[in-house]
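Contents: one structure, followed by commentary.
All figures in this text were calculated on a predicted structure; none of them were measured in a lab. First the proteins, then the strands, lettered A, B, ... as listed; each starts at 1.
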2 protein chains.
Amino acid sequence: MSYSILHELKPLFYPRSIAVVGVSAKDEKPGNRFIKVLRAFGYKGKIFVVHPTASEIDGITAYPSLKAIPEKVDLVNINTPAQHVPQIIVDCVDKGIHAAEIFTSGFREVGEEGKNLEQAVRKAAQEKIRIVGPNCFGVYCPAGGLTLLPGPNYPRESGNVGVISQSGGWVTDFIWGADAYHVKFSKVISYGNGIDLNEVSLLEYLAQDPETKIISAYLEGINDGKRFLEIARSLQGKKPLIIWKGGLSTTGKRAVNSHTGSIAGEQSTWNAFFKQTGAVQVNSFEELLDTTAIFTYLQPGSYRNLALIGGGGGVGVAAGDICEKFNLNIPASTTDILRKIRTLLPPQGTSIRNPFDMGSPHLPAAILKQVIEILLEWEKIDLIVVNRLFFYGNEQLMGEKIVEEDKRAAAVIQMKRIASKPLVAVLEELASGPDMIGLEIDRRKVRTMFLNEGIFTTASLFRLVRALSNFSNYWEKATRQRSR
Amino acid sequence: MSYSILHELKPLFYPRSIAVVGVSAKDEKPGNRFIKVLRAFGYKGKIFVVHPTASEIDGITAYPSLKAIPEKVDLVNINTPAQHVPQIIVDCVDKGIHAAEIFTSGFREVGEEGKNLEQAVRKAAQEKIRIVGPNCFGVYCPAGGLTLLPGPNYPRESGNVGVISQSGGWVTDFIWGADAYHVKFSKVISYGNGIDLNEVSLLEYLAQDPETKIISAYLEGINDGKRFLEIARSLQGKKPLIIWKGGLSTTGKRAVNSHTGSIAGEQSTWNAFFKQTGAVQVNSFEELLDTTAIFTYLQPGSYRNLALIGGGGGVGVAAGDICEKFNLNIPASTTDILRKIRTLLPPQGTSIRNPFDMGSPHLPAAILKQVIEILLEWEKIDLIVVNRLFFYGNEQLMGEKIVEEDKRAAAVIQMKRIASKPLVAVLEELASGPDMIGLEIDRRKVRTMFLNEGIFTTASLFRLVRALSNFSNYWEKATRQRSR
């Protein structure tokens, strides 16, 4: 089994040749657009085009049928109107092609006729060809040189995150959102209606795929709940599985049906699923993104006891409220910590009871470094958060140049390199008025420096704490499971 | 009463002259910084400086004491070390000065000694001078030419939002965050420890202030719960009151104490407060910002039934889940709506059951306009959301130029001008990688166009729906209250 699905789906993820069907000799149709995208992305294999009359389209030799292509075809990409798809699949099987992605929509999500078309496609496939789609954006696999529909500029580098998604839209957002965390992917599959390959078979693939270490999923319906649960359970403690299940509300269920024609399932079933598998449940796109990203940064473990450096008094109050909501702690400073840190900071306008309010944006880098040093030795603390300590670009807002910003950033990086526990950062977007773009540019620069050093950096403490809580929950459950 | 507090606090908000105490002749101390900030902001009144020996500081004549100033002083700004503050207040009273803001920290938030100092300040005041602070950033009142500590570049225009905040940090964030919504302020007061003017007296002021139509508050503790409740109740249905109460958790309570030395209060007390007053409870900075902003855009009323245009299938599913969570509805299209809209859109790749998935980023502007027109006539719908319909800058992501973007934005604006119900927009930050700043610049441009036309625009559907739900709850309660 292990061998078979990895081997079976090789033409889908690492195709040496792709034939595109549904290309126009005149217009810019989705097929033409896909060819452009594929070339822009830098696909290195051969591309063929199928067209009834043209001899060449966009500089590529066209053939009247798949059968007429004189070479082996690994993957067929289909963009024709829905009613032609069954015959194309028949042709694929005849030519011995083992993988297809059907971008075309207009199947079961539009009603009875579409349902019948799906049946016809399934019948045509005779289980001799594996299909992604229809009603999808296809496969992004940078190692295979393959990208999905609107992805000409996706990162070319591979990573260890695998994604399966019933929605093409969320997938495109996800890849770009992840880019802001420097997260890279092994395989991303938008599988739409999933008439053949679906959340079950694709999860099975990613479970076995050695390139994939973390699995993220956006799901609407599940075809084979029992098998899905089985695979998910086998992953526990091995490959983190993070799932955003869309359409758990009544309104959401209706939308699921008109989107991919799936049955959304009940909240109670899903609660049981998450309990039994230890998979991480998230409830929004943003949470899926942040949680996936944190799994690529932190070593497995539970990080519930935080020390927070930076932020004013009000920020500290909010931090307390947020952490408690997510079951994380901000332990009060011990007398030893109080004594050590009091020698570094004036008593007025600061607070050193944790959170550590440094009192001024003008904090010298050397002091920050010493504070981090002291906190690194505080045994109870699992993780240190540098929270809103940077004010790059803020001359525009505060009318004064905040000195030592670069030195402070360097101090954080320096401490991270020798730190025995994780050091993470929060860099908020402080002002987003139309004239304030300079702040955002500066913020992204600092974030890039931090991320390059492996310092996980989010745009808000809330997003950090929510992700960290998901992460800690996951590894605590995995540990309990193992010790049983 | 109504006359007295407005009159009494006039020197605080509209000072014709300000004396700054705690200014250095050599260094850049907070007092020097405040003078710079005040001048940069364009304060038009007279500024005096008090210094024991200098005759002039930063081009301003210095006097050895307040008493020595030969003219009337409306407001004193104090930045000296804490132990000098009681004597300065004695001097204020002697000179007949009626308002002071004390920026200095190091009072009750640092312990017993600080508590005693506060007592001494109160005693010195003899109820003859009104005080903001200590441990605060002071007052921002653009109509009075007055700005608070780090606010040299705050908007000069006045607006109708009044803010009281125990935290100076949140206030500065709030003013800049509000700028991104084009929200302007009547008065913003960071009152810190609030030894004289506090949440009670300041709420009373804003309640009576004719310039203030909406009141936002960040609170840690309450001094006189009964009076605060009384005033809040009197505002119901007249001036919306939106409160973020920080420190309701155990950890948050500890932080409150070390921040402003307040007693945070219990969740149950606050629940009762919100129930009795109809004030809007929010739970984060972001929610305070979004909710305040929506009150400046929409006409009073309840907007629970939404039509959503734009976004893909997955976006529609998430929209359903989010709306249901916040008790808003996305009513299913009637057969009449289905019939009318089906003539405009192809059946494949679209969904017209509400949300309306337009299927393609290449939607022609004329079609969008017609869809909005049809939805404006759908009686059941209270509000139309244009959700993720713009892809400015996306050539970078999708490798293709999305045509008609400008025309589509123009169509939305055109329809807004004649719309009989509110039209709002969601413009997401689609990619925030370091190289993607062009998208953010474009996004802000479109947002500015929309906001200028009164189209409320948020960065996510979640934020819109949460604010809209708060807004609708408020006006529904106010209406029920009135009809009793």
Report the option among B:Asp179, B:Val110, B:Ile330 that has the most heavy-atom pairs separated by less than 4.5 Å from atoms of chain A.
B:Ile330

Which bit of A:Pro361 is near chain B, if near means a heavy-atom gap under 4.5 Å: side chain, backbone, both or neither?
neither

Side-chain touch B:Lys325/A:Ser249, heavy atoms, less than 4.5 angstrom
no

Kindly indicate whether the side chain of B:Tyr218, heavy atoms from C-beta on, has any atom under 4.5 Å from the side chain of A:Val317.
yes

Is there a side-chain contact between B:Phe285 and A:Val315 (heavy atoms, below 4.5 Å)?
no

Test item: A:Gln348 and B:Pro81 side chains (from C-beta on) under 4.5 Å apart, heavy atoms
no

Have B:Thr251 and A:Glu324 got a donor and an acceptor in their side chains that come within less than 3.5 Å?
yes

Cut-off 4.5 Å, heavy atoms of chain A, and the answer for B:Thr250 is both

With no hydrogens and no angle check, is any side-chain donor or acceptor of A:Arg353 less than 3.5 Å from a backbone partner on B:Arg254?
no

Under a 4.5 Å cutoff for heavy-atom pairs, which residue among B:Ala255, B:Gly314, B:Gly349 has the most contacts with chain A?
B:Gly314

Which atoms of B:Ser432 approach chain A - backbone, side chain, both or neither, heavy atom under 4.5 Å:
both

When the 4.5 angstrom heavy-atom criterion is applied to A:Phe107 and chain B, the contacting part is neither

If I measure from the heavy atoms of chain B, does A:Asn135 come under 4.5 Å with its side chain, its backbone, both, or neither?
neither

Side chain, backbone, both or neither: which part of A:Ser351 has a non-hydrogen atom closer than 4.5 Å to chain B?
side chain

Which atoms of B:Asn329 come close to chain A, meaning under 4.5 Å heavy atom to heavy atom: side chain ones, backbone ones, both, or neither?
neither

More than 12 foreign heavy atoms under 6.0 Å from CD of B:Glu113: is that the case here?
no

Check whether A:Thr104 gets within reach of chain B through its side chain, its backbone, both or neither, counting any heavy atom under 4.5 Å.
neither

At a heavy-atom separation under 4.5 Å, does A:Glu429 approach chain B through its side chain, its backbone, both, or neither?
side chain

So, the part of A:Ala332 with a heavy atom under 4.5 Å from chain B: the answer is both

Suppose we screen for side-chain contact (heavy atoms from CB on, under 4.5 Å). Which residues come up paired with B:Val37, at least two apart in sequence or across chains?
B:Thr147, B:Pro152

Between A:Glu428, A:Arg443, A:Arg33, who has the most heavy-atom pairs with chain B when the cutoff is under 4.5 Å?
A:Arg33

Nearest-0.5 Å distance, CD1 of residue B:Ile437 to CD of residue A:Glu440
5.0 Å

Within the side chain of A:Asp321, is there an N or O that forms a donor-acceptor pair under 3.5 Å with the backbone of B:Gly246?
no

Output, in order, the C-alpha distance, side-chain angles, deciding distance and verdict of salt bridge (Lys or Arg N to Asp or Glu O under 4.0 Å) for B:Asp173 and A:Arg388.
CA-CA 12 Å; B:Asp173 284 8; A:Arg388 304 183 48 137; 2.6 Å; yes

Highest number of heavy-atom pairs under 4.5 Å with chain A among B:Gly106, B:Gly316, B:Gly168, B:Ala180 belongs to B:Ala180

Pairs of heavy atoms under 4.5 Å with chain A: top-ranked of B:Met436, B:Glu286, B:Glu28, B:Gln166:
B:Met436

Heavy-atom contact with chain B under 4.5 Å, split by part of A:Asn283:
neither

